[in-house]
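Report on one structure; see the data block that follows.
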Amino acid sequence: MGIARADTAPRLEVDLGMPLQAPQAGEAVVTHSTPKPAAAPRPQPALASDAMTLKRVLVVDGPFRHGDYVWDEEGVPQGEVIITVDIKAQTIAVFRAGYQIGAAVILYGADDYPTPTGTFPITQKKVHHISNIYNAPMPYMMRLTNDGVAIHASEVAWGNATHGCIGVPLAFAKLIFAQAKLGTKVIVTNGKMMAVPQGAQLDQAGLQRN
């Protein structure tokens, strides 16, 4: 993942991401990971006001391709959840109490149906949802806009696109759905990066392969 560094903890504003590449023939991909012991400070009980202060990011050791995701909430205190999406990097990240607990490669809107940028609260959650516009299944749907844009499970494969929604792998969709609440903020950007304070990176190792 591409990151920028800062000497002091920044305010959490946007997602971190990394450029994606098409998978090569015979190349293994990451599905999820077992992390190394964290070099970051041990999480302490969080206050609600800490939600926008970045304390830890997950660093993926290896290519991050369509269908990949990582998740690690071990030792992370309960607190406010914030979700960030970077369309340019084609990634989504989930933070709880300022600690990143998940990341995945996404699908986003095709040129004729662009995914909107901005900050959106989740206004509806539904495990089994069918689009009333396209008559298409949208499992683990979390609605962002009144005109149908949502985060939901999709077949995240190279070359696929959505009608503006943010598609994530099914297993990752279930994990986000369990964390998010009505009103949870989703920040969607197109290429913005965030600074990462020194000592806030948690390396990933022992990546499981297909």
Side-chain angles (χ1 to χ4, degrees), residues 1 14-18 20 23 29-35 57-58 60 64-74 76 78-87 89-96 99-110 113-117 119-189 204 207-208 210:
M1 289 185 176
V14 296
D15 188 16
L16 69 159
M18 61 172 290
L20 298 180
V29 298
V30 182
T31 55
H32 61 281
S33 65
T34 302
V57 295
L58 303 176
V60 177
F64 207 39
R65 304 188 186 282
H66 290 81
D68 297 351
Y69 72 92
V70 293
W71 191 271
D72 174 29
E73 57 180 302
E74 183 177 358
V76 175
Q78 295 300 313
E80 183 180 350
V81 171
I82 296 174
I83 299 169
T84 64
V85 176
D86 184 344
I87 296 171
Q90 301 177 46
T91 54
I92 186 171
V94 183
F95 299 85
R96 191 174 77 207
Y99 295 84
Q100 188 183 7
I101 59 175
V105 179
I106 65 166
L107 296 181
Y108 59 97
Y113 303 94
T115 300
T117 59
T119 300
F120 308 92
I122 292 175
T123 59
Q124 181 186 13
K125 293 177 62 183
K126 191 174 181 181
V127 174
H128 304 290
H129 181 72
I130 303 295
S131 170
N132 57 11
I133 301 175
Y134 304 105
N135 195 32
M138 300 168 63
Y140 294 91
M141 185 274 296
M142 293 171 284
R143 185 180 300 280
L144 304 183
T145 71
N146 292 333
D147 58 355
V149 175
I151 299 172
H152 61 81
S154 296
E155 182 181 353
V156 183
W158 179 262
N160 288 353
T162 72
H163 290 90
C165 288
I166 298 160
V168 299
L170 175 60
F172 190 79
K174 293 178 181 179
L175 292 167
I176 299 182
F177 195 90
Q179 293 288 324
K181 301 177 180 179
L182 296 182
T184 291
K185 294 178 182 177
V186 179
I187 304 168
V188 183
T189 67
Q204 300 293 311
L207 301 180
Q208 298 187 11
N210 285 341

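One is the number of the first residue; the rest follow in order along the sequence.
- For the atom pair Glu80 CD and Lys185 NZ, the distance stands at 6.0 Å (nearest 0.5 Å).
- The shortest non-hydrogen separation linking Asp86 to Ile106 is O-CD1, 4.5 Å.
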Counting only pairs under 3.5 Å, give me each side-chain donor-acceptor contact of residues 169-182, with atom names and distances, residues two or more places apart or in other chains.
residue	atom	partner	partner atom	Å
Gln179	OE1	Arg96	NH1	3.1
Gln179	NE2	Glu73	OE1	3.3

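- Panel note: side chain Thr115, backbone Gly109; a donor-acceptor pair is recorded below 3.5 Å.
- How far CD1 of Ile122 is from OG1 of Thr184: 5.0 Å, rounded to the nearest 0.5 Å.
- Note that CD1 of Ile166 and CD1 of Ile83 are 9.0 Å apart. Values are rounded to the nearest 0.5 Å.
- A distance of 7.0 Å separates CG in Leu144 from CZ in Phe120, rounded to the nearest 0.5 Å.
- What you find for Ile92 and Val85 is that their closest heavy atoms are CG1-CG2, 3.7 Å.
- You'll find the side chain of Gln90 reaches within 4.5 Å of the side chain of His66, heavy atoms only.
- In this structure, the separation between CE on Met142 and OG1 on Thr123 is 11.5 Å, given to the nearest 0.5 Å.
- Residues Val188 and Ile87 form a side-chain contact, since some pair of their non-hydrogen atoms from C-beta on lies under 4.5 Å apart.
- Using modelled atom types, one finds no donor on one side chain facing an acceptor on the other under 3.5 Å when comparing Gln124 with His129.
- The shortest heavy-atom contact between Trp71 and Gly102 is CE3-CA, 3.7 Å.
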Would you please test Val105 and Phe64 for side chain to side chain contact (heavy atoms under 4.5 Å, CB included) and show each step?
CA-CA 7 Å; Val105 179; Phe64 207 39; 3.8 Å; yes
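- Using a 4.5 Å cut-off on side-chain heavy atoms (C-beta onward), Thr189 and Thr84 make no contact.
- Contact check for Val94 versus Val81: side-chain heavy atoms found under the 4.5 Å cut-off.
- Take Thr162 and apply the side-chain hydrogen bond (donor to acceptor under 3.5 Å, both in side chains) test, not counting sequence neighbours, and it matches no residue.
- In this structure Asn146 satisfies the side-chain contact (heavy atoms from CB on, under 4.5 Å) test with no other residue, sequence neighbours excluded.
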Let me have the donor-acceptor pairs involving side chains of residues 147-155, under 3.5 Å, with sequence neighbours excluded, atom names and distances please.
residue	atom	partner	partner atom	Å
Asp147	OD1	Thr145	OG1	2.4
His152	ND1	Ser154	OG	3.4

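- Rounding to the nearest 0.5 Å places CG of Leu58 at 12.5 Å from OH of Tyr99.
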